[in-house]
Structures are given as structure tokens and as C-alpha cells.
Student: 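Shown below is the structure under consideration.
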Amino acid sequence: MASGEIINHDGNRGKAFALRRWLDLAILACAVVPVFAGLGLTPARAEYPDKIVKIVVPFAAGGGTDIIARTTAQEIQADLGKSVIIENKPGAGTIIGTQTVATSEPDGYSLLMATFAHAVNPSLYNKLPFDPHKDFAAISLIARSFNIVVVNPASKINSISELITEAKANPGKLNFGTFGTGTSAHLAGELFNAMAKVKMTAVPYKGAAPAISDLLGGQIDVMFTTVASAASLVAAGQLRALAVTSAERSAAFPQLPTVAEAGVPGYAAESWYGLYAPARTPAPVIARLNQAIAKAVQSGAFKKLEANEGLIMVGSAPEQLDRYVGQEEERWRKLVKDANIEVQ
């Protein structure tokens with residue numbers, strides 16, 4: 001018998017030889033792996049992104065948030081080198097779409113275009129199917145916005161001071177339309193009630209369009225509506241604008257005073273648009289997306305939105321979005337509690 005040759009009980013030399021070869025290769029592999037590890041070599045990974053990125057919009061298509069999201073997608077896909085698509089998932093005050101992202105894989109391919117509701121919903125609902133802080137990783141505060149106070153052109157109210165006078169003379173008689181309980185149009189009006197010490201009645205609608213339709217028809221008296229929903233109507237003379245709700249005057253409406261300077265010192269109410277990923281998304285992915293957003297907000301497309309809709313472009317670091325939303329959440333929590341606002 002040759003030296004080193006193994007013969008099993010059945011005399012099957014082929015199988016024994018195969019076993020010996022396998023053992024030799026296994027020993028060799030064990031010896032080689034530490035060498036590669038010592039050199040810092042790891043298995044190759046595909047660079048992010050290597051497939052389509054999806055931004056979930058928790059509103060129906062066509063609204064202001066949808067426009068911001070689509071502009072964002074259009075601008076960052078060139079920088080990322082992959083398609084970025086929009087998926088509209090409206091319902092339950094943004095909860096449905098938000099939960100979709102909260103439960104998605106934390107790989108950077110499912111993102112959330114969050115808004116004002118992200119900071120307010122924790123105060124409006126006793127329980128949410130996600131934690132707005134623990135279940136999300138901030139990417140960037142894309143832009144801030146504000147609302148605009150408008151009345152029917154046939155209204156005898158021509159200024160914020162006249163609105164306050166009329167509301168004080170007739171407590172509870174004047175009403176303001178909203179897009180629903182807890183929306184920016186609603187809480188901006190409730191903040192006005194609190195700070196101007198008046199009582200106007202909120203009338204909820206299922207969106208901006210039906211509310212504005214009733215304002216045009218004279219069924220409601222005033223709205224603290226978004227710029228996107230009212231700007232063209234103001235320009236056409238179909239609505240009369242009284243003021244903007246931002247802390248400073250807007251370059252888009254330089255002729256309009258702020259509510260604060262028009263009679264309610266300290267008043268400010270704004271909306272915002274921020275991009276989030278699921279919690280535990282790798283830091284390099286967050287950084288890559290943040291970099292793409294920073295470039296996007298400088299684009300011509302966003303500058304056009306800035307001019308036409310009164311947006312204030314930001315493109316912040318992730319920690320700035322976290323800090324900003326935390327401040328907004330705390331601020332609106334007090335108003336929701338003091339005004340006894342409940343979701344029906």
C-alpha cells in the first residue's frame with residue numbers, strides 16, 4: 001500500500017481520496033482567511049444606490065407635499081445615478097404612509113417625505129403604530145413654508161386688525177376653514193385664536209379644494225391656507241390676502257405683512273418638508289442622501305418653487321432636522337392641549 005493512502009472498510013479508495021482532498025482544502029482556507037483579514041480585505045458590496053429609490057408621500061397626488069417630493073426625486077436621481085420614484089399612500093392623517101416606511105427595510109430604498117403632521121400627530125393621537133423618533137432616521141430638512149390668511153374679496157374684512165375686531169365683536173360667529181383636524185390650516189387658526197384672544201369656529205374639510213370652494217362661495221369667512229392652494233387665486237383677484245403666517249415677510253409676497261406685525265405680536269406658524277429613512281439605516285447611506293439633498297435645493301427647479309410658492313429652502317444636516325421637529329412637536333403639543341383639540 002502506498003504511503004499516505006487511505007482505504008476504507010469497503011475498499012473504496014475514490015471516496016477516501018475525495019475526503020482527504022476536502023480536508024486539505026479546508027485547512028488551506030482556514031490558513032488563508034486570517035491573512036486576507038489582516039490585509040483589511042472584505043467581501044465586495046454594491047455601492048448605494050444600486051436599485052430604484054422610493055419616496056413615500058403620505059398624501060394624495062397633486063398637493064403641495066407631492067409637488068415637493070416629485071421635485072426632490074427629479075433632482076436627486078441625477079446625483080444618485082438611479083431612478084427615484086414617488087409612491088402616494090394617503091390616509092389616516094398621514095399615518096398609513098408613515099407606517100409603511102417605519103416598517104420598511106433600513107437600506108435607504110424606502111424614504112418618507114414628512115411634513116407638519118409628523119410633529120403634531122404624537123399630540124393628536126393617544127397611540128401611533130410607530131414612534132416618530134425611534135423608528136426613523138433623519139436625512140434633511142428640505143424646506144420650510146408658511147400659510148397665508150385669505151378671505152373672500154366681497155368680505156368687509158380688509159386686514160388682520162379688522163379680523164380681530166370683528167371676531168371680538170361676535171365671539172364664535174366667524175368661522176375658518178381647515179383641511180381637517182390637526183392640519184397646518186387648523187392649528188394656525190387655533191394659534192391665532194389663542195394669541196389674538198378671539199374665538200373663531202374651525203370648520204373641517206377633507207382637503208384644501210372643498211374648503212377654498214366654500215370660501216369662494218361665502219360659506220366660511222377666512223382661511224389660514226397653504227400658499228400652494230391660494231397663490232393663483234390671490235393673483236387672479238378671487239381671494240383677498242391679509243397676511244402671511246411666517247415670522248418674517250416673504251420675498252414671494254413682499255406686500256403682505258406678517259400676522260405678527262399686523263396685530264398679533266409673536267405669532268408665527270409654518271409648515272415644513274423633511275426627508276426620513278427607517279431607523280438603523282446605515283450612516284453612509286444617510287450621508288449620501290443628505291449630500292444629494294444639499295445639491296438639490298440649490299437647483300433651478302427648487303428656486304422656481306421658492307419664488308412661486310414662498311418656500312424657504314434649507315437642506316439641513318440630519319441632526320438639525322431632529323432638533324427642529326422636536327421643537328415643533330413641543331410647541332404644538334401645548335396648543336393642542338390648551339385648545340382641547342381631538343381627532344374625531
Side-chain angles (χ1 to χ4, degrees), residues 25 28-58 61 65-89 97-115 118 130-143 272-305 311 313-325:
L25 288 172
L28 178 63
C30 290
V32 169
V33 168
V35 174
F36 278 93
L39 293 174
L41 299 178
T42 57
R45 280 185 185 175
E47 185 176 349
Y48 175 86
D50 64 348
K51 60 181 181 180
I52 292 173
V53 177
K54 175 178 66 180
I55 299 177
V56 174
V57 176
T65 306
D66 188 61
I67 292 171
I68 296 293
R70 290 180 189 279
T71 305
T72 299
Q74 171 190 310
E75 294 303 314
I76 69 173
Q77 67 183 3
D79 186 62
L80 295 176
K82 286 292 178 182
S83 294
V84 181
I85 64 171
I86 301 300
E87 182 176 336
N88 296 93
K89 279 192 155 307
T98 303
Q99 185 181 12
T100 297
V101 176
T103 56
S104 295
E105 285 295 319
D107 53 11
Y109 293 100
S110 289
L111 310 175
L112 173 70
M113 183 60 71
T115 64
H118 201 74
F130 52 81
D131 187 308
H133 305 287
K134 295 180 181 179
D135 291 338
F136 293 93
I139 296 172
S140 179
L141 176 62
I142 296 173
W272 54 271
Y273 305 92
L275 198 64
Y276 284 90
R280 297 177 299 282
T281 297
V285 172
I286 297 293
R288 181 70 184 88
L289 288 165
N290 180 270
Q291 179 186 54
I293 293 295
K295 291 181 182 178
V297 297
Q298 301 299 320
S299 68
F302 268 110
K303 289 187 183 301
K304 185 176 180 181
L305 285 178
L311 293 176
M313 294 305 156
V314 183
S316 76
E319 57 271 20
Q320 288 176 293
L321 174 57
D322 274 334
R323 186 164 54 249
Y324 173 79
V325 173

Student: Salt bridge or not for Asp79 and Arg288, using N-O below 4.0 Å?
Tutor: yes
Student: Using the rule given for side chain to side chain contact (heavy atoms under 4.5 Å, CB included), can you reason through Met113 versus Tyr276, listing the C-alpha separation, both sets of side-chain angles and the distance that settles it, and then say yes or no?
Tutor: CA-CA 7 Å; Met113 183 60 71; Tyr276 284 90; over 6 Å; no
Student: Pick from Thr115, Thr71, Thr72: which one makes a side chain to side chain contact (heavy atoms under 4.5 Å, CB included) with Tyr273?
Tutor: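 With Tyr273 as partner, Thr115, Thr71, Thr72 yield a single side chain to side chain contact (heavy atoms under 4.5 Å, CB included), made by Thr115.
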Student: Which atom names give the shortest non-hydrogen contact between Ala102 and Phe130, and what distance separates them?
Tutor: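 Closest approach of Ala102 to Phe130, heavy atoms only: CB-CB, 3.9 Å.
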Student: Does the side chain of Leu305 come within less than 4.5 Å of Ile67's, by heavy atoms?
Tutor: yes
Student: Do Pro278 and Val101 have side chains that get closer than 4.5 Å, going by heavy atoms?
Tutor: yes
Student: Using a 4.5 Å cut-off on heavy atoms from C-beta on, say whether the side chain of Trp272 contacts that of Val325.
Tutor: yes
Student: Measure the shortest side-chain to side-chain distance between Ile68 and Leu311 over non-hydrogen atoms and say whether it is less than 4.5 angstrom.
Tutor: yes
Student: Could you tell me whether the side chains of Gln320 and Arg323 share a donor-acceptor contact shorter than 3.5 Å?
Tutor: no
Student: Do Asp50 and Tyr109 have a side chain donor and acceptor closer than 3.5 Å?
Tutor: yes
Student: In a table with atom names and distances, give each donor-acceptor pair under 3.5 Å that connects a side chain of residues 80-87 to protein atoms at least two apart or in another chain.
Tutor:
unit_1 : atom_1 : unit_2 : atom_2 : d
Glu87  : OE1    : Lys54  : NZ     : 3.2

Student: After noting the C-alpha distance and the side-chain angles of Leu112 and Thr98, does the key distance pass the side chain to side chain contact (heavy atoms under 4.5 Å, CB included) rule?
Tutor: CA-CA 7 Å; Leu112 173 70; Thr98 303; 3.8 Å; yes
Student: Quick one: closest heavy-atom pair of Ala138 and Ile286, and the distance?
Tutor: O-CG2, 3.6 Å
Student: Side-chain contact test, heavy atoms from C-beta onward, threshold under 4.5 Å: evaluate it for Leu111 versus Val53 and give yes or no.
Tutor: yes
Student: Looking at Asn290, Ile139, Leu141, which hits side chain to side chain contact (heavy atoms under 4.5 Å, CB included) with Ser316?
Tutor: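 So, applying the side chain to side chain contact (heavy atoms under 4.5 Å, CB included) to Ser316 and each of Asn290, Ile139, Leu141, only Leu141 qualifies.
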Student: For Gln74, what residues pass the side chain to side chain contact (heavy atoms under 4.5 Å, CB included) criterion, not counting sequence neighbours?
Tutor: Ala301
Student: Begin from the C-alpha positions of Asp66 and Asn88 and carry the test side chain to side chain contact (heavy atoms under 4.5 Å, CB included) through to its verdict.
Tutor: CA-CA 8 Å; Asp66 188 61; Asn88 296 93; 2.9 Å; yes
Student: For the backbone of Pro284 and the side chain of Tyr48, can you confirm whether one donor and one acceptor N or O come within less than 3.5 Å of each other?
Tutor: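 Answer holds: no.
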Student: Side chains of Ile293 and Ile142: closer than 4.5 Å at any heavy-atom pair?
Tutor: yes
Student: Between Lys303 and Gln298, is any pair of side-chain heavy atoms under 4.5 Å apart?
Tutor: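 Contact flag for Lys303/Gln298 side chains = yes.
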Student: Does the side chain of Phe136 reach to within under 4.5 Å of the side chain of Asp131, using non-hydrogen atoms?
Tutor: no
Student: Just wondering, more than 12 heavy atoms not from Glu319 lying within 6.0 Å of its CD?
Tutor: yes
Student: Judged by atom type as modelled, is there a donor-acceptor pair below 3.5 Å linking the side chain of Ser104 to the main-chain atoms of Thr100?
Tutor: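 Yes, Ser104 side chain to Thr100 backbone: donor-acceptor pair under 3.5 Å.
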Student: How long is the gap from CG on Leu321 to OG on Ser140, to the nearest 0.5 Å?
Tutor: 7.0 Å
